[in-house]
**Q** 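Take this structure first; my questions come after.
This one's a predicted model, so the numbers in the text were calculated from it and none came from an experiment. Computed from heavy atoms alone, side chains included, the values below leave out hydrogens, waters and symmetry copies.
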Amino acid sequence: EKIGACNALAMMGEQAAPAQEELMTVARDDAERPWVRSRAVRALASMRGAAHGHVPALLQLIIKDNPHDPRRYFEQYAGSDIIGMARNPSFDAAPHQDLIHTVALHLMGHPHAVARRHGMTMIADLGIEDFDFFADRIVEVIRNDDPAYTSSHADRPRQIGLNILERFHISEGIQLAAETLEPDHWGYWRRIRHRMPLLLAYGAAAQPYLPDIRAALRSGDQDHEVLAKIENATKTRALISLEEARKKAAE
């Protein structure tokens, strides 16, 4: 009944605004089932700007420790809607940047890939001045080898991380892109579609890594047209190391 009520309110959109406090009561209830709480959040998000006054409280719910939800399902289920509200242009995020960064870092360490994607989405347009705060966790997400992970198959979190490293001209991004082609793992073709154009964006700087890239490709992909473009690239990019990027951020 609660789920049905929340879904009905979500369908009503802004017309459901008078039910905000009741929905927040459900969302705040740590003892309630995570899916029910997430449906209350979905109804709030469906109100568009009408419920944006609750965004800081909802962000706090993501990082709140809940003994009733040890696998952190609420973060996984509700994260997308809460982040969507926080990223909406009609929400003034500037006064809440510290909280937003804390939530992003928290989600980036989630054991489930979907929740890690939520966290990475929050920093997709990260500025270099904030890079140091996230640097280590970005690399962890890209490597995707934490034994505590319960889901590792989604590649979107890693794609966002590699895009950030390429955008900041960080040299380690080349090796990480090559290492994470992972031809023997599920989703290889999806990774190929992202990694090869990314490596090409590094231009001639990627040429020393061509043996590693070729070794990471499946048989039959050895003559991939992107490899030839990298091999023949003449344009060079001024790259910096991860540590240099962190120092630049600190400065």
Side-chain angles (χ1 to χ4, degrees), residues 9-10 13-14 16-21 23-28 30 37-38 40-66 72 74-110 114-142 156-170 173 240 242-251:
L9 290 167
E14 294 176 347
Q20 289 181 59
E21 293 306 323
L23 289 166
M24 283 299 297
T25 297
V26 175
R28 289 191 179 101
D30 289 349
R37 298 176 68 204
S38 76
V41 173
R42 172 61 57 87
L44 288 162
S46 299
M47 297 174 194
R48 300 181 182 178
H52 281 170
H54 297 293
V55 171
L58 291 170
L59 288 168
Q60 290 285 357
L61 290 180
I62 288 181
I63 58 177
K64 181 182 179 183
D65 183 48
N66 182 6
R72 299 166 59 184
F74 174 73
E75 301 167 27
Q76 178 184 333
Y77 299 156
S80 180
D81 287 316
I82 295 174
I83 291 162
M85 295 172 74
R87 290 172 63 85
N88 192 294
S90 62
F91 173 69
D92 184 9
H96 310 286
Q97 280 303 312
D98 288 346
L99 174 59
I100 290 170
H101 285 175
T102 299
V103 170
L105 192 68
H106 179 78
L107 288 171
M108 289 163 65
H110 197 286
V114 168
R116 292 197 297 279
R117 185 190 70 209
H118 297 334
M120 294 298 292
T121 298
M122 295 180 77
I123 66 164
D125 53 359
L126 184 73
I128 187 64
E129 66 276 5
D130 296 314
F131 178 70
D132 185 48
F133 185 69
F134 297 102
D136 290 337
R137 190 61 59 80
I138 288 173
V139 173
E140 288 174 11
V141 170
I142 294 171
R156 182 59 181 160
R158 309 168 83 183
Q159 291 180 18
I160 296 173
L162 288 166
N163 289 345
I164 291 172
L165 298 187
E166 187 273 328
R167 181 158 55 86
F168 291 154
H169 308 279
I170 295 174
I240 59 175
L242 190 70
E243 285 306 310
E244 288 173 326
R246 298 184 70 153
K247 289 178 182 177
K248 186 177 179 181
E251 292 170 358

**Q** With rounding to the nearest 0.5 Å, note down the distance linking CZ in R28 to CG in L61.
**A** 7.0 Å

**Q** Identify, with sequence neighbours excluded, every residue that meets ring pair (Phe, Tyr, Trp, His ring centres under 6.0 Å) alongside H96.
**A** F91

**Q** About how many Å separate CD1 of I128 and CD of E251, when rounded to the nearest 0.5 Å?
**A** 10.5 Å

**Q** If you look at every heavy atom in L99 and P56, which pair is closest and at what distance?
**A** CD2-O, 3.7 Å

**Q** Please walk me through it: do H52 and M85 pass side chain to side chain contact (heavy atoms under 4.5 Å, CB included)?
**A** CA-CA 7 Å; H52 281 170; M85 295 172 74; 4.1 Å; yes

**Q** Who pairs with D92 by side chain to side chain contact (heavy atoms under 4.5 Å, CB included), at least two apart in sequence or on another chain?
**A** A94, P95

**Q** Yes or no on side chain to side chain contact (heavy atoms under 4.5 Å, CB included) for M24 and L58, after CA distance, side-chain angles and deciding distance?
**A** CA-CA 9 Å; M24 283 299 297; L58 291 170; 3.8 Å; yes

**Q** Could I get the full list of side chain to side chain donor-acceptor pair (under 3.5 Å) partners for N88, not counting sequence neighbours?
**A** S90

**Q** For residues 116-129, which residue pairs pass the side chain to side chain donor-acceptor pair (under 3.5 Å) check, not counting sequence neighbours?
**A** R116-N144

**Q** Should T102 and L59 count as side-chain neighbours, where that means a heavy-atom distance under 4.5 Å?
**A** no

**Q** Quick one: list whatever passes salt bridge (Lys or Arg N to Asp or Glu O under 4.0 Å) with E140, sequence neighbours left out.
**A** R137

**Q** Which residues pass the side chain to side chain donor-acceptor pair (under 3.5 Å) test with H106, not counting sequence neighbours?
**A** R72, E75

**Q** Not counting sequence neighbours, which residues clear side chain to side chain contact (heavy atoms under 4.5 Å, CB included) with H101? List them please.
**A** Q97, D130, F133, F134

**Q** Using the test salt bridge (Lys or Arg N to Asp or Glu O under 4.0 Å), find all partners of K64 that sit at least two apart in sequence or belong to another chain.
**A** D30

**Q** Of the non-hydrogen atoms in L165 and G173, which two are nearest, and what is the gap between them?
**A** CD1-CA, 3.9 Å

**Q** Quick one: does V41's side chain get under 4.5 Å of L23's, heavy atoms only?
**A** no

**Q** Taking all atoms of both residues into account, what is the closest heavy-atom pair of F131 and L126, and its distance?
**A** CA-CD2, 3.9 Å

**Q** Considering only heavy atoms from C-beta outward, does the side chain of E244 approach that of I170 to under 4.5 Å?
**A** no

**Q** The test is side chain to side chain contact (heavy atoms under 4.5 Å, CB included); show your working for L44 and I82 and say whether it passes.
**A** CA-CA 9 Å; L44 288 162; I82 295 174; over 6 Å; no

**Q** Can you name the salt bridge (Lys or Arg N to Asp or Glu O under 4.0 Å) partners of D136, sequence neighbours left out?
**A** R246

**Q** Which residue pairs pass the side chain to side chain donor-acceptor pair (under 3.5 Å) test when at least one of the two sits in residues 76-87, sequence neighbours left out?
**A** R42-D81

**Q** Listed by chain and number, what are the side chain to side chain contact (heavy atoms under 4.5 Å, CB included) partners of E14, not counting sequence neighbours?
**A** R48

**Q** Which atom names give the shortest non-hydrogen contact between S46 and A10, and what distance separates them?
**A** CB-O, 3.3 Å

**Q** If you measure from CD on Q20 to CG on L9, what distance do you get to the nearest 0.5 Å?
**A** 11.0 Å

**Q** Applying side chain to side chain contact (heavy atoms under 4.5 Å, CB included), run through F168 and I240 and close with a yes or a no.
**A** CA-CA 8 Å; F168 291 154; I240 59 175; 5.7 Å; no

**Q** Going by the rule side chain to side chain contact (heavy atoms under 4.5 Å, CB included), which residues pair with A124 if we only count those two or more places apart in sequence or in a different chain?
**A** I160

